[in-house]
Amino acid sequence: MESVRSAVRLPPVETVPLAAAHGRVLAVDIKADRDYPPIARSLRDGFAIHSADAPGTISVIGETRAGESQQPALARGYAVEIMTGAPVPKGADAVVMVEHVEHVGEKVTTTQAAKAGQFVNRQGAEAQAGATLIPEGTCINASHIGTLAMTGHTGATVYRKPSVAILSTGDELVDIGATPAPHQIRNSNSYSLAALVMAAGGKAVILPVARDTEPELRSALEQGLRYDLLLISGGVSAGKYDLVKPCLRQLGAELLFERVKIQPGQPVAFGRVGSKFVFGLPGNPGSSMVTFLLFAQAALELLSGRREPLLPIVEARFEAPFAHRLGLTRFLPACLGENGRLRHVSWQGSSDLPAMARANAFLIADHDRENWAAGDSIRVLLKP
Ligand code: AMP
Ligand code: MG
């Protein structure tokens, strides 16, 4: 990943309307345009008082509500009836809740002591003017949109989405609109990969399927290398017609890795051709999804301007005993239930898309552990 990080140039910047900014990557720091809150405000409905006047009976001299400007300073021995969000008058240093006092006529009686500062959101307590609220490189979520709106941004300055070419290879593939003959399959990977690319913040471009011949594959690869990132599905294993790596080499690719000790996805390849990065993902749907999530997604996030790619890995406990064969780290379909328990979803292997459709995660079975009892915990990679 270091090789990706050091070679990545930040993408160009564009401005999008705030409503379209969700999931985009901020290209600038967002700072507080003023103190938050800009003046001390009440956190409760009640009475603004001098804390030293409680407990006791205090004269109420008026009321103040949210949207009103700050009242004159409050003298000792007096209270102002105050609503949540209203400016706390100068002098007052506490709010007592309406539920905790007796209010009769122009007098309010509190039997409890008040702490200085209680239920007062003092000026600048949330943020001081000029403080960085969201750093550049952050993927914008709903709270960030709220913060942008709060600070007066009608749009967001974001990095342009990287374009990602998706090239499926294989003589057995037909278009998803076609009826396959028994020896053929529909090209599902182009679409699941496009969904993963979009979920990770990229612009997916599905290229026509390339057949397993060198001339056709080479020209398809050349086309794919015009995009910011190229994802190839299939043709990277050791078979006679797995021509992706030889063709990439003919195009001057430097392959940075060609094999990893995982299953599915062992033959995944990663390389660069000039300034462009390319992943050769194994063609089985389980393999291409796992290797995308483990490797390609991080590269895509760096190309999007995001600072720290993070894999969504959590710990969960097995509902029932589980075992696998030692030797490879396996990413196996699993379902994390509402009870927080993990269920292994049995599958026929990495071609088994129906099993993956029943799963919401991949459990990560370490290469050096064979058995887990019910209740044992294990790491889980969540599916986007
Ligand atoms: P390969 O990596 O080319 O050896 O492909 C392995 C297996 O993955 C093939 O036998 C196909 O069954 C399957 N496969 C390859 N490409 C795709 C694709 N685009 N969509 C769905 N399945 C595929
Ligand atoms: Mg193939």
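Remember, it's 1-based here, ligands and their atoms both numbered in the order they're listed. No experiment lies behind these values; they were computed from the predicted model shown.
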Relative to ligand 1, is L173 under 4.0 angstrom through side chain, backbone, both or neither, heavy atoms considered? side chain

Nearest neighbour of atom 2 (O) of ligand 1 from the list S287, G283, S237, G239, on a heavy-atom basis: G283

Considering only the protein, which heavy-atom contact is closest to atom 6 (C) of ligand 1, and what is its distance? N284 N, 3.8 Å

Has E172 got a side-chain atom pairing as donor or acceptor with Q184's backbone, closer than 3.5 angstrom? no

With a cut-off of 4.0 Å, which atoms of ligand 1 are near a heavy atom of S233? 16 (N), 19 (N)

Counting both backbone and side chain atoms, is some N or O of G235 under 3.5 Å from an N or O of ligand 1? yes

Considering only the protein, which heavy-atom contact is closest to atom 22 (N) of ligand 1, and what is its distance? I185 CD1, 3.4 Å

How about T329 and D366: does a side-chain donor come under 3.5 Å of a side-chain acceptor? no

V28, L10, I30, V25 screened by side chain to side chain contact (heavy atoms under 4.5 Å, CB included) with E136, the one that passes: L10

Side-chain heavy atoms of N189 within contact of P285, under 4.5 Å: yes

Which is it for H344 and F318 under the ring pair (Phe, Tyr, Trp, His ring centres under 6.0 Å) test, yes or no, and what are the steps along the way? CA-CA 8 Å; H344 168 232; F318 275 114; 7.9 Å; no

Give me the nearest non-hydrogen protein atom to atom 19 (N) of ligand 1 as residue plus atom name, then the distance to 0.1 Å. N187 OD1, 2.9 Å

Does one side chain, of D33 or T151, offer a donor that lies under 3.5 Å from an acceptor on the other? no

Could you identify the single nearest non-hydrogen protein atom to atom 4 (O) of ligand 1 and state the distance to 0.1 Å? D242 OD1, 3.9 Å

With a 3.5 Å distance limit and no angle check, can you tell me whether D228 reaches the backbone of S163 through a side-chain donor-acceptor pair? yes

Near S168 (heavy-atom distance under 4.0 Å), the atoms of ligand 1 are 19 (N)

Nearest protein heavy atom to atom 17 (C) of ligand 1, by residue and atom, and its distance? N189 ND2, 3.4 Å

Strictly under 4.0 Å, does any heavy atom of G170 approach an atom of ligand 1? no

heavy-atom search around atom 21 (C) of ligand 1 in the protein gives S188 OG, 3.2 Å

Is it the case that the side chains of T109 and E102 hold a donor-acceptor pair, with the cut-off being a distance below 3.5 Å and no angle test? no

Under 6.0 Å from the ring centre and within 45 degrees of the ring axis: does the NZ or CZ of K276 meet both conditions for the six-membered ring of Y227? no

Can you tell me which residue and heavy atom of the protein come closest to atom 9 (C) of ligand 1, and the distance to 0.1 Å? E172 OE2, 3.3 Å

